[in-house]
Structures are given as C-alpha cells and as structure tokens.
Amino acid sequence: MIEIPKKYKHREAEERWARQWEDWGIYRYDPSCTREQTFAVDSPPPTVSGSLHVGHVFSYTHQDLLVRYQRMLGKNIAYPMGWDDNGLPTERRVQNVFGIKCNPHLPYDKDMVFNLGEAIEKDAGGKKKGTKEQKEVSRLNFIEACAALTSEDEKVFEGLWRHLGLSIDWTLAYATIDERCRKTSQKSFLDMMAKGRVYHAELPTAWDTGFGTAVAQAEMTDKEIDGKFHDLQFDVEGGGHFIISTTRPELLGACIAVVAHPSDERYQPYFGKTAVTPLYKAHVPILASEHAEPDKGTGILMVCTFGDSADVEYWRKSNLPLRQLIGRDGRILPVDYHAEPFQSEDPDAANAAHAQLAGLFVKQARAKIVELLREAGKLIGEPRPIKHAVKYYEKGEFPLEFVTARQWFVRILDAKEELLAKARQIKWHPEFMRTRIEHWIDGLQYDWCISRQRFFGVPFPVWYRIDDNGTPDYEHPIVATEDMLPVDPMSQAAPGYEESQRGIPGGFMADPDVMDTWATSSLTPQIVSHWADDPEQHAKLFPMDIRPQSHEIIRTWAFYTIVKAWLHDNDIPWKHVIISGWILDPDRKKMSKSKGNVITPEHYLDDYSADAVRYWSSRARLGADTIFEEQLFDAGRKLTTKLFNASRFVISQLDSDTDGRERWTKEYVTEPLDRALLARLRSAVIDATEAFNRFEPASALQTAENEFWDFCDNYVELVKRRSYEAEDTPGRRSAKAALNIALRIFLRLFAPFLPYISEEIWSWRFAASAGRERSVHTSPWPTAEELTLGQAEEGEADNGHGNVYVCATEVLSQIRQSKTLAQKSLRWPVAKLLVQGEAKDAEALKQVLTDVLLAGSAENAEVAIKEGQPAEGARFMVDVTLAESENSAE
RNA sequence: GGUCGUGUAGCUCAGUUGGUUUAGAGCACCACGUUGACAUCGUGGGGGUCGGCGGUUCAAGUCCGUUCGCGACCACCA
C-alpha cells in the first residue's frame, strides 16, 4: 500500500514522474500501427535561437492537451519535436558568440573546433570592450559552429518541454539542419524541378541591405516611419515644368520615366514629351499610367529602378531601361552616365553630381542630394515631414530595397485556385482563421523566392558549368541525383567533374546560395513521415491529423506547407489546423523580444508547478489572445491542491490498495443522492468529450472543473457522514462506491490538463501493475457507459431524480447561510427546519433528507417539508432556526 | 481604404442552435468560521441598464441594421 503524503510537493513529483514516463515509454510512437490507429501531430519546430517565453509554454500546452486526449482514446500518437535552427537569427548569434564570419570561398578546416562555454565567456568579455574582430571561416565550419550553438539551445528547450509535461516522443526529434532534413529539403527541390515548378531568374527582388539577402513576400512587414516630401522641379523639353513630390530624392539618378494619370488635365499636354531630371539632366519620357493618383502629391511621380514594388511592376511591363542605383550593401553604386542607354544632356554634370553620392548609404545620400538640389535651385521650398508606411523585412533594420539578382523561385502564382481548394479542404479551428489564408492566397503577387544569399541553411543541390571563357552557364544547371542527397555542392564536386575543376574555365561552380528557412520548415510533415526515405512510413503518417500553430505564421508556415504538400503529393498536409492566440502583456501588446516585455516561464514552473502553468494555458479559448495574468497560476495551484486533498479523503474511505480499481463498483450505488451524482458526472463526461472532439479543450476543462468544485463543496459534504458510518450498511457502501467512481472519473478528466497531480493520485490506489491502466495517461478516457446505471435509472435520473442533487445542495446552502449570518460555525446544530416548495421538489428532497440533515448538523432538528410557494427565484422557502447552544439541539 | 476578430462585474474571462420569471466563474473586496480531505482553507455577501442607437420576436447578452472603441491581417504608401 502506498503511503499517502500529507502535503503535495510538486517539484519532487514532477521529477519523479517525468523520469517514470520516460522509463515506461508511454509516449512512444509505434510505427507498426495503421494510419487509422494513429494520431499525428505536426508540431511547430521553434526557432531555438529566439527568446523563450511564456507564449511558447502556452501554445505547446494546447497541442499536448489534444494529444493526451487522443492517447487516452487509445490512439497511437506520433508527437515529434523539431528545432528550427536555420536562418538569420542563428547566424547572427554565431557571429557574436564565436566571433567568426563566413567566407564561402575558404576551404573547410577540419581541425577547427568550437568550444561553446569558452566562446560565451569570451563573448561576454568581448562585448564590454566593444571588439568586433571576426575571424573568417569556411561555410562548412560556419555551419558546424551553428550546429554547436543550436544544440545547446535545444537542450534548454527540451528541458523546459519535459518539465512542462509535454508528451513528446523524443525519439522522433529532428533539427532542420540535420541530415534527414537537408535530404528532405533537397529532394523537395529536385521534385519541384522535375515538375517544372522551380525556375531561377535575374529579377528585381525585395532585398534587405542589412542582412544582404533576398526576402520573400511573406516575410515583409510594414513600418510607419518618419519621412519627408521633397518638391523637385522637372523641366519639360520644349518648354514648361512641373513639380514632383518625392520621399526618395536620392533615387533621382535611377529615374527612368515620370507618370501621371491619363485623365489628369494638368499633365495631359505633356504626355509623349520628354522631361529633364534635375541635376542629372537626363531625358525621361512623360507617360500616362493608371497607377498614378491625381490627388496624391502633385499627381505626377517618378518611376525609378527601384523605389518600390509599383516601380518594379511598371518597369516589368514597359520596355524602359534599368538603372540599378542601390547596391546590395545599401550604398549608392557608382554609375557612369556617359554609358548608354541613359541620355543626359550633360553627362559630365550628371557624373559630377553622382560622384558625390556614390558610396554613401541611402540616408546619407538623401541628405547630400538635398543639398545639391538646393544649390541647383531645383528644390522648391523645404522638405515637409510626413509619416508613411514603408516595407521592411520583418527582422530587418532598414527599409527594403529592390535589387536585381539571380534567385530561385517556386512558381505558385498560376496555382492560386488549386491552393485555395486545398486550404479549404483543411478544417480550421477556429473556423474564421480560414479566411486569413484565403485572403493571403488570393492576394499573392510574387512567386515564392526561396534563395537566400546566406550561409547557414540547406544549399541548393545545383552546380553550373563554367565555359572556356570562365563564364558560368546558369541556363543549364547540373542537378544532383537523388542518391547524392544530402549534398553540399560547395564541398562536393558536380557529377562528372573532379574537385580540381572547381571554379576554373571548363570546370564547374556550386550554386552559392542557401534555401530560405521556410523551404525546409514547410516540409515538417514530410520530415516526420520519412517522405524522402521510406514511402511506406510516409503513407502511415501523411496527411497528418493536426497542425497547431499561432496565427501570425499562417501566411508563412501554414501556407508554404500547404504549397509543398500540394506540389509533392497533390494532397493536404493535415486535416486540421489549430490556431493558438498570443500572450499579451498587461498593456495588450504582444510579447516579443524587441519590445522587451518578454516573461520567461521557468520560474513559474518552479514556483507554481507545471500543472498550474498548464492550467493557465488550458483556460484560453482557441485563437483568442490572452492577457498574461499571474493570478491564474494561483488558481491552477489551488485546483491542484484541492484535487490532492479531496483525493486523500476519498481514498481514506476505501480500504486497501486495490479497492479503488476493483471493489467499489457502480453496482453498490443505490442511494438517490449517489445515483444523481453519477448522472451528473455522466453528462459532464459527455460534455467534456464533445468539447475535445471539437478541439476545444478549454471548454472540457471548464466542465470538469465546475463539476469537481461542486463535488467537493456539496457532494462530499452531503455524503461524508454516511460514508463515516461505523456499520457496513448499503448506504455506506453506496457512498464509498460513488466517491470512488467519481474520483476515477475526475482524475482522467483532468489528466490531459494536470498530468502530474493526476498521475500522482492515480498511483495511490488506481494504477494497475501493467497494461493501459498502469498510467492514468494511457488509461481509457471516461465514457458515459461507465456511469450508466441501467435504463430505468437513467430515465429516473434525467427526470425527477436529477433534482435530488440540486434540491439537497440548495437546502444545505440555505442552512449554511443562516449559520454564517448568525456568525455561528457551520457545525452549529439546527433546532428547526421548515422547507416549503413545489410538490416534485418536496418529493425529491424527502429522498435525500437524511444526507441533508446530517450535512447541516440538523439531524436532531424538528423538520417540516411542505408543499407550497417557494421563495422568489429559489426552489424552496427555507426557514432555519438555530439551536440555543452548540451542544443542544432543542 | 478592405477583411477578420473583439467589446459582459474593479481585473481576467465563460455564456453552445434566442427561452430556468432575478446574466455566471475566478481574482480582488467585505463579513463570518480552528467542522475528523483541505487555513496554499471553508461559508456567506456586495458589485453588471451585457459599448451606443434602432429593428425582428411572445421572448435578445445571443439574430438583423447602424454607429463608436480596441486588436490583427491585407492593400496603398510618389
């Protein structure tokens, strides 16, 4: 018999159970099960280099609730965990921590070792001195450094997940840079290539000058910033002039046309003529275009290559030349205006003016050109401050520029309808989130740019021939064969070539880029299902059941995953998407590192217990943002404590260590009150089950919790004295059996939410020595059948007899109220009790009267139950007369 | 400007297809209480014209229209 402790020590219990669950292997996925027996979760791989905060705990708990429910239903669970370690945040951290920077042209140094502890120490010291010397290393070495760092970050996350009680199968863990993921990602690329879905092209692409890389549409975001309107005077050839208001005067040298709306009478006379740009004195056409709005600025605007996406659009449709003015590093490029096809009246002057801008960063160049324009008398008035929204890379510091570069694209614009159909085939929870993806797909403007000019990521499995003149042949890439995957073209020679031929005329070169991190993380279902190496396994897990994620990455992660599943399997990646809301700080702002309002979760787990933190997470409705409120942890802890104490009471009423599991069955439940309890529990179980089936665990918790508190406050008090009876009567047996059954139900209802305390209590008297019921978490989810007493009783319970419970609690409550108002203790005896109510209620009350009287210390009272009008708004009119003294009942 | 969501007690939130004549919970607040599971507790109490206006209905927190506030996403951003 297990000794039951007086106090619950959550830290000790959490450690013990986390270990035990691992030893038992109860979270292990069984690959031999069929698809129908399996419940597969496409859990989000967190960016390990990001900050860890309570929002993580919140959303990961949500998936675990659904998983635990499905496990109790008997499903074989595939609940993996991945780490997204590709991408810019990792690179940035590695550069800082190790003081290195990647030079992809360097050869791999296989003796280079990265000592993390030392590096972090150095990093801390180095920062103080402000030294920024960065040693150059090869790409492979750089990747090794990234891996060394991320594996440390992963340990921190894993530790937290385990403590939180996430029922992850850790043998299914993956990292987006590991061999299998690289292979999957490269195979995906090859498959898309074979299907004609990828192409590469030299196109103007959104570019972050800070990171020096292309950026996809989904990663762009608007920022409201301060800007200035500059009124510039343009002359018209043959006479006349007009004013253009621009926020970007530094792009003047890239102006290739000016446009006004076709209906704009002010400019109609100029259409077809040529304008002369100030300073550069370039001749540019004056054209009509629908996209110019007459009432904005002066109604006429510059088309530059490139100021914004509208310029790109316009340039693409026109046959105008391209004058790239901004370099990849965000500096103004040197340009020779003598060169064609640019016509300047005075190329020397243009060159002289431009020479003062070349090499400057955009902001500096803007200040400089304002000076030049002012001197030239072409700046009309002073710049006027305005606020305007500008596109940024979501992680970037500078406004995006458009830079022409060779990029890889996935062709998706022609497939909007098919993608929409797939998105609609998936069930979204909450349902309104579906419109977000629909709008996103509908509004797509660009194909998906998947190449990044970075180092830490999955390389393209592609090489190019170099002809005898040393020019790469981009049009006929050499593609890796599947057996080579994963391949690093930087260190492995192209098929048919020797390593010695790298980079020389007649030889080959590797594609220098890596894939965007989303190109790999969009394959998480395929990674987990072994699409790349085990088709049979793939069929057993794909499409998956649920994708839990938050709403801000619908347009990226969810969308790209849908794209890939469609491309590779012409299928949906999962049946359900479960969207969690955000955690907001008390000012209703999203918690994020940049805002500095991040709250870390570890100490809450220590202070309040993992169950308490999970309780807080579990309360949130799906998709709804939640304000962080520490007091809810307290509510969770309170519930845990209550469960502990109530269970101690119930178990004290049983006798030996197998009683809970085997002896006190529903056949003993004969008393009306106890039967009514079971009827209540039955409907609670039905409600909670339905809520879980709707993917609304918060509602299931609410149901279980309400029922449980009522059980403690009312039922336990009503039945206590009967259960304490010295003699073994049917009433006493009925009480014990009902208490036992109720507790077994509650423990299983709470198990998904509060895994530690429910397992702890389960182990006292209910756990079997083997099989499913060894752990509460593999025990069968409670069913209505367990609580059904037979057809006759069921009918009984639903009609008149359902009331006995409510009638009993109401009268008990009235007795309590009288005592409280009289400032007497609750065990103060009652001398007289008069109850008046409708016939059916009076009848119901009579059936449970003994329990009520005992619970209200009214067993010696003079009692009268009459038919008649109840009190207003109540079931009964109750008149309580308390005894004169505590010892007398007269 | 477009779309979606949201507005219920001081705070955080429930309220399922309109229907227990008087809208719930937790926290906070007030009062009382050493009852054999529980003082990390128990019992009881005060507190809301359900954002505003209009409509449908025997009946509206719930449905419709309109308007205001808040949040998010998208578009524009010369």
Quick one: pull up CD in E696(A) and OG1 in T703(A) and give me the separation to the nearest 0.5 Å. 10.0 Å

Please work out the stems of RNA chain B from pairs that are Watson-Crick or G-U wobble with both distances under 3.5 Å, keeping only runs of three or more consecutive pairs. B:1-7 with B:68-74, B:10-13 with B:24-27, B:29-33 with B:41-45, B:51-55 with B:63-67

For U43(B), does either OP1 or OP2 sit under 4.0 Å from a side-chain N or O belonging to Q814(A)? no

Taking only residues two or more places apart in sequence, or in another chain, which ones meet R744(A) in a salt bridge (Lys or Arg N to Asp or Glu O under 4.0 Å)? E773(A)

Given the P atoms of G69(B) and G52(B), what is the spacing between them in whole Å? 15 Å

Measure from CD1 on I651(A) to C1' on C38(B) and round the result to the nearest Å. 15 Å

Quickly work out the I815(A) CD1 to U35(B) P distance and round it to whole Å. 18 Å

Rounding to the closest angstrom, what is the interatomic distance between U49(B) and U8(B) at atom P? 12 Å

Between C41(B) and U35(B), how far apart are the two C1' atoms, rounded to whole Å? 12 Å

Whole-Å P distance, U43(B) and A25(B): 13 Å

Pull out every protein N or O sitting under 3.5 Å from an N or O of nucleotides 27-34 of chain B, one pair per line with the distance.
| residue | atom | partner | partner atom | Å |
| --- | --- | --- | --- | --- |
| C27(B) | OP1 | K638(A) | NZ | 2.7 |
| C27(B) | O2' | Q631(A) | OE1 | 3.4 |
| C27(B) | O2' | Q631(A) | NE2 | 3.0 |

Please classify the nucleic acid contact of E717(A) as base, sugar-phosphate, or nothing, using heavy-atom distances under 4.0 Å. base

Sugar-phosphate only, base, or nothing, as touched by Q445(A) at under 4.0 Å among non-hydrogen atoms: sugar-phosphate

Would you classify D713(A) as touching base, sugar-phosphate or nothing, given that sugar-phosphate means primed atoms plus P, OP1 and OP2, and contacts are heavy atoms under 4.0 Å? sugar-phosphate

Just by modelled atom types, is the P294(A) backbone N or O under 3.5 Å from a matching donor or acceptor in the R266(A) side chain? yes

From the list I256(A), V258(A), L320(A), side chain to side chain contact (heavy atoms under 4.5 Å, CB included) with P285(A) holds only for L320(A)

Mind checking whether D710(A) and Y715(A) have side chains closer than 4.5 Å, heavy atoms only? no

Could you list all N or O pairs between the protein and nucleotides 4-9 of chain B that sit under 3.5 Å apart?
none

Distance test, side-chain N/O of K223(A) to OP1/OP2 of C77(B), below 4.0 Å: no

Rounded P spacing from G71(B) to A60(B) in Å: 33 Å

Please report the distance separating the P of G65(B) from the corresponding atom of A28(B), rounded so that it comes out in whole Å. 42 Å

Need one value for A691(A): base, sugar-phosphate or nothing, where a base atom within 4.0 Å counts as base even if backbone is also close, heavy atoms only. nothing

For the pair made of CG in D442(A) and P in G2(B), what is the distance, rounded to whole Å? 17 Å

List in chain and number order the residues that pass ring-ring contact (aromatic ring centres under 6.0 Å, His included) with F708(A), two or more places apart in sequence or in another chain; answer none if no residue qualifies. F746(A), F750(A)

Expressed as a whole number of Å, how far does the C1' atom of G46(B) sit from that of C32(B)? 15 Å

How would you label the contact of E431(A) with the nucleic acid (heavy atoms, under 4.0 Å): base, sugar-phosphate, or nothing? nothing

Under 3.5 Å, side chain of D311(A) to main-chain N/O of V303(A), donor-acceptor pair present? no

Let me know the distance between CZ of F649(A) and P of G36(B), rounded to the nearest Å. 12 Å

Quick check on RNA chain B: between F229(A) and L632(A), whose nearest nucleotide comes earlier from the 5' end? L632(A)

Heavy atoms under 4.0 Å, any strand shown: does S652(A) hit a base, just sugar-phosphate, or nothing? nothing

With heavy atoms under 4.0 Å as the rule, sort C304(A) into base, sugar-phosphate or nothing. nothing

Can you check whether V719(A) reaches L677(A) side chain to side chain, under 4.5 Å on heavy atoms? no

Can you sort out which residues in residues 700-710 of chain A have a heavy atom within less than 4.0 Å of RNA chain B? Ascending by number, please. Q702(A), W709(A)

Lys/Arg-Asp/Glu bridge criterion (N-O < 4.0 Å) met for D607(A), R637(A): no

I need the CD-C1' distance between E696(A) and U16(B), as an integer number of Å. 8 Å

Name the one of K720(A), R732(A), R722(A) that satisfies salt bridge (charged side-chain N to carboxylate O under 4.0 Å, His left out) with D851(A)? R722(A)

Contacts of H62(A) that satisfy ring-ring contact (aromatic ring centres under 6.0 Å, His included) - sequence neighbours left out: F58(A)

Please test E705(A) against K642(A) for salt bridge (charged side-chain N to carboxylate O under 4.0 Å, His left out), starting from the C-alpha separation and ending with a verdict. CA-CA 11 Å; E705(A) 206 190 344; K642(A) 194 71 173 176; over 6 Å; no

Checking contacts here: which listed nucleotide (A72(B), C77(B), C74(B)) is nearest the side-chain heavy atoms of W440(A)? C74(B)

Remember a base hit wins even if backbone is also touched, and classify V716(A) as base, sugar-phosphate or nothing at under 4.0 Å, heavy atoms. base

Measure from CH2 on W428(A) to C1' on C73(B) and round the result to the nearest Å. 13 Å

For I4(A) and C38(B), give me the distance from atom CD1 to atom P, rounded to whole Å. 13 Å

Pairs involving residues 620-639 of chain A, ordered by first then second residue, that meet ring pair (Phe, Tyr, Trp, His ring centres under 6.0 Å) (sequence neighbours left out): Y604(A)-F628(A), Y604(A)-F633(A), Y608(A)-F633(A), W616(A)-F628(A), W616(A)-F633(A), F628(A)-F633(A)

Under 4.0 Å between a side-chain N or O of S813(A) and OP1 or OP2 of G44(B)? yes

F695(A): partners by ring-ring contact (aromatic ring centres under 6.0 Å, His included), with sequence neighbours left out: H429(A), H576(A)

Between C77(B), G42(B), U43(B), which one does the side chain of R816(A) approach most closely? U43(B)

For D687(A), check salt bridge (Lys or Arg N to Asp or Glu O under 4.0 Å) against everything at least two apart and list the hits. none

Contacts of type salt bridge (Lys or Arg N to Asp or Glu O under 4.0 Å), residue K228(A), not counting sequence neighbours: none

Of H551(A) and T626(A), the one whose closest RNA chain B nucleotide lies more 5': T626(A)

I627(A) side chain: which of C38(B), C13(B), C76(B) is closest? C13(B)

Considering residues at least two apart in sequence or located in another chain, which fulfil the salt bridge (Lys or Arg N to Asp or Glu O under 4.0 Å) criterion with R434(A)? E431(A), E438(A)

Tell me: CG of D687(A) to C1' of U16(B), nearest whole Å? 10 Å

Using the C1' atom on both, measure C13(B) against U6(B) and round to a whole Å. 13 Å

